[in-house]
Asks: 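One structure follows; several queries about it will come next.
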Amino acid sequence: MQSGTNSERPGRTMTETAPRSFDDLLENVISAGLCGKCGGCVSVCSANMIGALTLDAEGFPVYEDREKCLDCGLCYMVCPNTNSVLDEVKARFNWKSPIGHHVDLYPARSTDRDVLKAATDGGVVTSLLMNMLESGYIDGAVVSSNSEGGRRKAIVATSAEELLQAAGSHFGELPHLEEVGENYSNYVSVIRYATKSAPVKLNKLAVVGTPCQIAAIRNMQALAIVPSDIVIFTIGLFCMQCFEMDHLLDKAFLTQWGVSREDIRSMNIKENFILTMQSGLKVQIPMEEIEQIARTACLKCTYFANDYADVSVGGLGSPDGYTSVMVRTIRGKMMMADAISKERVEKKERGWDKQSMITLIEEFASRKRSRGERYLADILKPGGSPDGTEIQDG
Ligand SMILES: Cc1cc2nc3c(=O)[nH]c(=O)nc-3n(C[C@H](O)[C@H](O)[C@H](O)COP(=O)(O)OP(=O)(O)OC[C@H]3O[C@@H](n4cnc5c(N)ncnc54)[C@H](O)[C@@H]3O)c2cc1C
Ligand code: SF4
Ligand code: SF4
Ligand code: SF4
């Protein structure tokens with residue numbers, strides 16, 4: 001067994017005794033309470049037509065048919081908690097501590113009133129995707145949308161209307177990548193979708209996701225496995241945590257803050273967790289207080305600024321009504337420049353300071369990392385993780 005440390009790493013490192021299989025994920029990640037339900041493992045198994053895995057009723061990956069498992073280890077390698085190919089991903093993205101490589105950072109907002117009304121912050125995500133779609137850079141975007149019964153579901157939006165409908169942040173769980181894997185991960189499904197229901201061929205997808213989801217996609221790309229080949233652009237959300245909706249809307253929790261479920265108009269996360277009431281009043285809940293209802297896996301997670309996305313976004317560091325846009329790649333820079341030149345998105349010209357924004361984002365990344373370390377300490381026994389391998393944080 002290898003071991004070693006690298007304090008510059010975001011995320012955790014489990015040193016390798018290859019080959020690994022889903023049994024190892026069950027033991028080292030899922031049973032250890034580290035699974036953020038990103039859906040990456042199920043996606044990769046279904047994308048490669050193996051079909052050994054599925055999601056259970058709670059959204060955790062489980063064997064659908066153990067007999068089909070080839071012990072290929074792909075599910076293990078794409079999982080954002082094993083860091084199997086992290087060095088490769090870091091090298092591709094020229095990663096540096098503490099919030100990753102970035103070429104630009106600024107507050108911006110959509111120029112579209114409807115988008116601004118529906119969006120969480122400045123609507124940059126929605127307007128950027130609308131522009132990319134209309135300009136033919138992408139055929140569709142995996143976003144989170146309303147489905148029957150008001151539940152959220154990952155969809156591939158192929159029109160401006162669908163993108164508008166999906167605007168806003170959804171802090172509940174969403175096994176986003178499973179959708180990619182099931183429907184858009186292999187050529188057969190893509191062609192079937194393209195010929196039956198979509199107006200265009202879906203060869204070029206953008207994906208919006210939390211850091212764990214984007215990390216799983218980058219792991220797939222580093223391993224050159226489907227469905228990552230058709231994901232040509234990623235928009236990464238900053239992420240302090242996500243919630244099980246029942247906990248978020250738990251009566252006892254809301255009562256502590258003098259709020260009832262019916263009063264809430266919208267939610268947002270910036271420096272604090274912010275509930276906006278129907279009356280317009282804002283209730284600011286400090287981040288430490290929200291920990292009691294966050295998912296266990298999120299408390300043990302150390303990703304924050306979505307270091308491997310083309311463009312990372314959040315509300316943190318920007319005035320209300322603006323999105324903080326952290327551009328990380330050349331492609332990200334080109335797409336933002338195109339949206340700005342076509343007046344779909346506008347940069348905030350005055351009243352902000354880049355260094356202050358960076359400092360704040362770094363501070364939150366470091367707070368999240370410390371929190372992750374604290375919670376991880378519970379599962380880190382002296383000398384190693386539950387399976388005896390070493391887990392590090394960075
Ligand atoms: C779980 C979660 C935690 C977050 N934590 C923070 C934080 O701690 N600090 C911070 O500054 N910002 C955080 N954000 C990001 C912030 O809430 C905004 O999404 C971001 O600033 C973009 O705003 P916008 O107005 O440009 O996006 P919009 O134009 O409103 O578009 C948002 C897009 O994100 C998609 N989306 C929404 N929810 C999800 C989801 N759960 N998974 C994948 N895609 C989704 C929507 O479908 C839509 O396409 C978080 C977002 C989420 C979903
Ligand atoms: S076949 Fe491969 S990807 Fe699927 S469960 Fe088994 S080890 Fe994981
Ligand atoms: S890949 Fe995602 S869903 Fe699968 S075990 Fe890892 S965190 Fe959980
Ligand atoms: S905190 Fe965010 S990135 Fe980490 S597991 Fe939870 S949803 Fe994923």
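Counting starts at 1 for both ligands and their atoms, in listed order. What's counted below: heavy atoms across the whole structure, side chains too, no hydrogens, waters or symmetry copies. In this chain, residues are counted from 1 in sequence order.
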Asks: Pick one of side chain, backbone, both or neither for how Thr323 approaches ligand 1, counting any non-hydrogen atom pair under 4.0 Å.
Replies: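 Side chain only; the backbone of Thr323 stays clear of ligand 1.
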Asks: How far is atom 6 (Fe) of ligand 4 from the closest protein heavy atom, and which atom is that?
Replies: Cys298 SG, 2.3 Å
Asks: Quick check with a 6.0 Å cut-off and a 45 degree axis cone: is Lys368 positioned over the face of Tyr303's six-membered ring?
Replies: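 Not flagged: Lys368 not positioned over aromatic ring of Tyr303.
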Asks: Classify the contact between Arg295 and ligand 4 as side chain, backbone, both or neither, using a heavy-atom distance cut-off of under 4.0 Å.
Replies: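 The side chain, only.
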Asks: So, the side chain of Asn272 versus the backbone of Ile274: is there a donor-acceptor pair under 3.5 Å, distance only?
Replies: no
Asks: Any idea which protein heavy atom is nearest atom 4 (Fe) of ligand 2, and the distance to it?
Replies: Cys45 SG, 2.5 Å
Asks: With nothing but distance in play, are any N or O atoms of Leu237 less than 3.5 Å from an N or O of ligand 1?
Replies: no
Asks: Can you sort out which atoms of ligand 1 are near Gly123, meaning under 4.0 Å from one of its heavy atoms?
Replies: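 So the answer, numbered in order with elements, is 24 (P), 25 (O), 26 (O), 29 (O).
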Asks: Which atoms of ligand 1 are found less than 4.0 Å from any heavy atom of Gln241?
Replies: 1 (C), 3 (C)
Asks: Note the single closest protein heavy atom to atom 8 (Fe) of ligand 2, along with its residue, its atom name and the distance in Å.
Replies: Cys75 SG, 2.3 Å
Asks: Report the part of Cys301 in contact with ligand 4, treating N, CA, C, O as backbone and CB onward as side chain, heavy atoms under 4.0 Å; options are side chain, backbone, both, neither.
Replies: side chain
Asks: Give the atom numbers and elements of ligand 2 that come within less than 4.0 Å of a heavy atom of Leu53.
Replies: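 In order of numbering, the contacting atoms are 5 (S).
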Asks: Of all the atoms in ligand 1, which lie at a distance below 4.0 Å from a heavy atom belonging to Ser144?
Replies: 45 (C), 47 (O)
Asks: Does a donor on one side chain and an acceptor on the other come within less than 3.5 Å for Asp121 and Asn268?
Replies: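 Yes, because at least one side-chain N or O of Asp121 sits under 3.5 Å from a partner of the opposite role on Asn268.
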Asks: From atom 50 (C) of ligand 1, work out which of Phe273, Phe364, Phe238, Phe243 has a heavy atom at the shortest distance.
Replies: Phe238
Asks: Closer than 4.0 Å to some heavy atom of Asp71 - which atoms of ligand 2 meet that?
Replies: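 Heavy-atom distances to Asp71 below 4.0 Å select 6 (Fe), 7 (S).
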Asks: Of all the heavy atoms in Arg109, does at least one lie under 4.0 Å from an atom in ligand 1?
Replies: no
Asks: Could you list which atoms of ligand 4 come closer than 4.0 Å to a heavy atom of Cys239?
Replies: 1 (S), 2 (Fe), 7 (S)
Asks: Indicate if Ile361 and Trp352 have the same hydrophobic cluster label, given that clusters are the connected sets of ILVMFWY residues with side-chain heavy-atom separations under 4.5 angstrom.
Replies: yes
Asks: I'd like to check which ligand 1 atoms, numbered from 1 as shown, lie under 4.0 Å from a non-hydrogen atom of Gly315.
Replies: 10 (C), 11 (O), 12 (N), 21 (O)
Asks: Which ligand 4 atoms does Gln241 reach within 4.0 Å, using its non-hydrogen atoms?
Replies: 1 (S)
Asks: Any N/O/S atom, side chain or main chain, of Cys69 closer to atom 6 (Fe) of ligand 2 than 2.8 Å?
Replies: yes
Asks: Against heavy atoms of Gly314, which atoms of ligand 1 measure under 4.0 Å?
Replies: 10 (C), 11 (O), 12 (N), 20 (C), 21 (O)
Asks: Is it true that Arg92 and Asp307 have a side-chain N and a carboxylate O under 4.0 angstrom from each other?
Replies: no
Asks: With respect to Thr210, determine whether any N or O atom, backbone or side chain, lies less than 3.5 Å from an N or O atom of ligand 1.
Replies: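 Not met; the criterion fails.
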Asks: Flag Cys242 as yes if one of its N/O/S atoms falls below 2.8 Å of atom 2 (Fe) of ligand 4, otherwise no.
Replies: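 Not a single backbone or side-chain N, O or S atom of Cys242 is under 2.8 Å from atom 2 (Fe) of ligand 4.
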Asks: Show the atoms of ligand 1 that are less than 4.0 angstrom away from any heavy atom in Thr126.
Replies: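 Taking each heavy atom of Thr126 in turn, ligand 1 has 28 (P), 29 (O), 31 (O) under 4.0 Å.
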Asks: Given Ala157, Gly122, Gly168, Cys298, which has its nearest heavy atom closest to atom 36 (N) of ligand 1?
Replies: Gly168
Asks: Does a donor on one side chain and an acceptor on the other come within less than 3.5 Å for Tyr76 and Asp23?
Replies: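 No pair is found: no donor N or O on one side chain lies under 3.5 Å from an acceptor on the other.
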Asks: Between Ile217 and Gln221, is any pair of side-chain heavy atoms under 4.5 Å apart?
Replies: yes
Asks: Mark up the atoms of ligand 2 that fall under 4.0 Å of a heavy atom belonging to Ile50, in ascending order.
Replies: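 Every atom of ligand 2 under 4.0 Å from some heavy atom of Ile50: 1 (S).
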Asks: One residue to check: Leu25. Relative to ligand 2, which of side chain, backbone, both or neither has a non-hydrogen atom less than 4.0 Å away?
Replies: neither
Asks: Is a side-chain donor or acceptor of Asp139 paired with a backbone partner of Asn203 at a separation under 3.5 angstrom?
Replies: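 A pair under 3.5 Å: yes.
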Asks: Quick check on contacts: which atoms of ligand 1 are under 4.0 angstrom from a heavy atom of Asn268?
Replies: 17 (O)
Asks: Taking the six-membered ring for Trp, are Phe243 and Phe273 ring centroids under 6.0 Å apart?
Replies: yes
Asks: Would you say NZ of Lys348 has more than 12 non-hydrogen atoms from neighbouring residues, nucleotides or ligands within 6.0 angstrom?
Replies: yes
Asks: Note the single closest protein heavy atom to atom 2 (Fe) of ligand 2, along with its residue, its atom name and the distance in Å.
Replies: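 In this structure, atom 2 (Fe) of ligand 2 has Cys72 SG, 2.3 Å as its nearest protein heavy atom.
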Asks: Closest non-hydrogen protein atom to atom 1 (S) of ligand 4, residue and atom name please, with distance?
Replies: Lys368 NZ, 3.0 Å
Asks: Report the nearest protein non-hydrogen atom to atom 3 (S) of ligand 4: residue, atom name, distance rounded to 0.1 Å.
Replies: Cys212 N, 3.4 Å
Asks: Fit a plane to each ring of Phe93 and Tyr308, take the angle between them on a 0 to 90° scale, and name the class: parallel (under 30°), tilted (30 to 60°) or perpendicular (over 60°).
Replies: perpendicular
Asks: Is the count of non-hydrogen atoms from other residues, nucleotides or ligands lying under 6.0 Å from Glu343 atom CD greater than 12?
Replies: no
Asks: Between Arg367 and Glu288, does any NZ, NE, NH1 or NH2 come within less than 4.0 Å of an OD or OE carboxylate oxygen?
Replies: yes
Asks: Closer than 4.0 Å to some heavy atom of Pro211 - which atoms of ligand 4 meet that?
Replies: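 In order of numbering, the contacting atoms are 3 (S).
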Asks: For the side chain of Asn306 and the backbone of Leu237, is there at least one donor-acceptor N/O pair under 3.5 Å apart?
Replies: yes
Asks: Could you see which bit of Val115 sits under 4.0 Å from ligand 1, with heavy atoms only: side chain, backbone, both or neither?
Replies: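 Under 4.0 Å from ligand 1, Val115 contributes no heavy atoms.
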Asks: Is any side-chain heavy atom of Met336 closer than 4.5 Å to a side-chain heavy atom of Val124?
Replies: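 Contact flag for Met336/Val124 side chains = yes.
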Asks: When you measure from the side chain of Ser43 to the backbone of Gly39, do you find a donor-acceptor pair of N or O atoms at a distance under 3.5 Å?
Replies: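 Not at all, since once roles are kept as given, no pair shorter than 3.5 Å links the two residues.
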Asks: Could you say whether the N/O atoms of Leu316 and ligand 1 ever approach to under 3.5 Å?
Replies: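 For ligand 1, there is an N or O atom that lies under 3.5 Å from one belonging to Leu316.
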Asks: Under 4.0 Å from ligand 1, counting heavy atoms only, is it the side chain of Val208, its backbone, both or neither?
Replies: both
Asks: Regarding Arg218 and Thr234, do their side chains bring together a donor and an acceptor under 3.5 Å, going by distance alone?
Replies: yes
Asks: Which atoms from ligand 2 have a heavy atom of Leu70 less than 4.0 Å away?
Replies: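 Matching atoms, with element in brackets: 1 (S), 6 (Fe).
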Asks: Before accepting this row, confirm whether a basic side-chain N of the pair Glu134/Lys342 lies closer than 4.0 Å to the acidic partner's carboxylate O.
Replies: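 Looking at Glu134 and Lys342, the cut-off is not met.
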Asks: For Thr120, take its heavy atoms, then give the atoms of ligand 1 lying under 4.0 Å from any of them.
Replies: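 Checking each atom against Thr120, I get 17 (O), 25 (O), 30 (O).
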Asks: Could you list which atoms of ligand 2 come closer than 4.0 Å to a heavy atom of Gly73?
Replies: 2 (Fe), 7 (S)
Asks: Between the main-chain N or O of Tyr137 and the side-chain N or O of Ser135, is there a donor-acceptor pair closer than 3.5 Å?
Replies: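 Looks like no, no N/O pair under 3.5 Å.
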Asks: Have Ser366 and Glu363 got a donor and an acceptor in their side chains that come within less than 3.5 Å?
Replies: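 No, no side-chain donor-acceptor pair sits under 3.5 Å.
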